[in-house]
Amino acid sequence: MRASQTVTEQSCLLSIVLPLFNEEAVLPMLHRRLLASVAHVPGGVEIVYVDDGSSDGSPELLKQLHASCAMVSVLRFSRNFGKEQAITAGLQFASGAAVIVMDSDLQHPPEMIPAMLQAWRDGADVVNMRRRSRADETWLKRQAARSFYRAINRLSDMPIPEDVGDFRLFSRRAVDALNQLHERNRFMKGLFAWIGYRQVTLDFDCGERAAGHSKWRFRQLWHFAIEGITAFSVAPLKVATKVGLACALLSIALGLSFFVRALAFGDPVPGFPTVIVVVLMLGGLQMLAIGVLGEYIARLSLESKRRPLFLIESYEPATAYATRFQQVRRVDVD
Ligand code: UDP
Ligand code: MG
């Protein structure tokens with residue numbers, strides 16, 4: 001029997017997965033607010049902190065939280081693998097019938113948890129949390145985000161909702177579906193949309209980061225956009241074919257027109273500037289097409305190595321459910 005099926009039958013009701021990287025400044029406040037928000041959730045709660053190779057005081061704080069709070073599971077990576085990997089690991093280790101993923105910097109308010117659970121009880125498999133305003137971000141970041149959503153939604157067949165990040169709730173079957181996706185290129189918004197099922201969207205006010213600073217840089221956003229587009233669309237590859245065809249047709253038409261003009265009117269064939277413009281344009285287009293090919297081939301090459309997505313240094317299951325988890329392991333080994 002598969003572990004996930006066994007877990008569903010006897011596990012806690014709700015798991016909360018929190019990827020974190022160097023968040024010592026927020027962690028105590030985060031945990032307090034989480035506990036206050038889940039105080040009235042019936043059936044048990046597991047809080048899965050995924051330490052993505054933090055180098056500050058976070059591991060020590062997590063150790064203390066694990067010792068003092070029976071609901072806390074701590075998963076620690078062998079190094080920093082990135083937020084997407086941390087979410088992937090958290091989803092694999094979470095045992096709840098419903099699993100919530102949220103950032104650890106309190107930009108995703110834990111106070112929304114009861115509303116998300118209600119939507120799940122009403123039948124949703126995925127509860128997407130959409131931020132009401134991006135007013136706190138710079139004009140440039142807002143425009144970049146808007147252009148990105150416009151581009152990806154035009155290029156991919158599957159709609160990716162705008163302004164919905166990693167703050168979501170998943171039912172057990174949605175988590176099991178996500179756990180089957182082993183690709184290395186983990187564009188989470190795309191994977192979350194790809195699974196389908198009944199999705200509902202709730203709005204929330206995205207707060208300021210409670211402490212510390214964002215780990216995102218503008219350059220990473222560019223990589224993020226390329227990841228998203230290459231993961232969910234092959235349209236850029238087809239563009240090269242279409243542009244190539246158009247150029248070929250154009251050159252035939254141009255050649256014919258030169259020929260006719262030379263024969264009928266005795267025009268001299270225009271020389272140097274035309275040639276330079278055409279050569280540069282075609283050269284540029286070819287380099288662009290090769291670049292696009294390169295983006296896809298690079299990903300194929302990484303994917304073909306089939307390395308694990310992350311390596312785990314330690315896993316401390318929540319003591320409240322440790323015996324259940326051990327039973328699950330035994331079933332799994334049998
Ligand atoms: N994070 C992570 N690994 C990383 C970078 C970030 O687990 O390599 C976590 C971080 O601790 C936070 C969440 O991902 O809980 C969002 O990160 P951040 O606030 O830096 O991003 P932003 O909110 O600016 O998009
Ligand atoms: Mg943040």
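In listed order, ligands and their atoms are each counted from 1.
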Closest heavy-atom pair and its distance - Lys189, Gly165:
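Lys189 and Gly165 have their closest heavy atoms at NZ-CA, 3.9 Å.
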Glu23, Met102, Gln107: member with heavy atom nearest to atom 10 (C) of ligand 1:
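Going through Glu23, Met102, Gln107 one by one, Glu23 has the nearest heavy atom to atom 10 (C) of ligand 1.
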Run down the list Asp103, Asp52, Val26 and name the one with the heavy atom closest to atom 4 (C) of ligand 1.
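Among Asp103, Asp52, Val26, the closest heavy atom to atom 4 (C) of ligand 1 comes from Asp52.
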CD1-CZ distance between Ile312 and Phe93, expressed to the nearest 0.5 angstrom:
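It comes to 3.5 Å.
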If I take atom CD from residue Gln85 and atom CZ from residue Arg186, how far apart are they, to the nearest 0.5 angstrom?
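Output value for this atom pair is 6.5 Å.
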If you count the atoms of ligand 1 from 1 in the order shown, which ones are under 4.0 Å from a heavy atom of Gly82?
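Near Gly82, meaning under 4.0 Å from one of its heavy atoms, ligand 1 has 3 (N), 8 (O).
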Interfacing atoms of ligand 1 (cut-off 4.0 Å, heavy-atom, Asp105)
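Reading through ligand 1 atom by atom, the close ones are 19 (O), 23 (O).
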Any ring-ring contact (aromatic ring centres under 6.0 Å, His included) involving residues 279-308? Give me the pairs, sequence neighbours left out, ordered by first then second residue.
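ring-ring contact (aromatic ring centres under 6.0 Å, His included) check on residues 279-308 returns no pairs.
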Going by ring-ring contact (aromatic ring centres under 6.0 Å, His included), name the residues that satisfy it together with Phe77, two or more places apart in sequence or in a different chain.
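Counting only residues at least two positions away or on another chain, Phe77 forms a ring-ring contact (aromatic ring centres under 6.0 Å, His included) with Phe81, Phe310.
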Who are the ring-ring contact (aromatic ring centres under 6.0 Å, His included) partners of His108, not counting sequence neighbours?
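Partners of His108 by the ring-ring contact (aromatic ring centres under 6.0 Å, His included) criterion, ordered by chain and then number, come out as Phe167, Phe204.
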Would the number of heavy atoms belonging to other residues, nucleotides or ligands and lying under 6.0 Å from CZ of Arg173 be above 12?
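Yes, because the 6.0 Å sphere around CZ of Arg173 holds more than 12 heavy atoms from other groups.
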Glu46 versus Ser15, side-chain donor and acceptor atoms under 3.5 Å:
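Judged by distance alone, the side chains do pair up.
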Could you tell me whether some N/O pair between Ala86 and ligand 1 is separated by less than 3.5 angstrom?
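Ala86 vs ligand 1: no N/O contact under 3.5 Å.
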Mode of Asn80 contact toward ligand 1 - side chain, backbone, both, neither (heavy atoms, under 4.0 Å)
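The answer is the side chain.
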Less than 4.0 angstrom from a charged side-chain N to a carboxylate O is my criterion; do Glu316 and Arg76 meet it?
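No salt bridge links Glu316 with Arg76.
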What are the protein N/O/S atoms, named by residue and atom, that sit under 2.8 Å from the Mg ion (ligand 2)?
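N, O, S partners closer than 2.8 Å: Asp105 OD2, Gln107 OE1.
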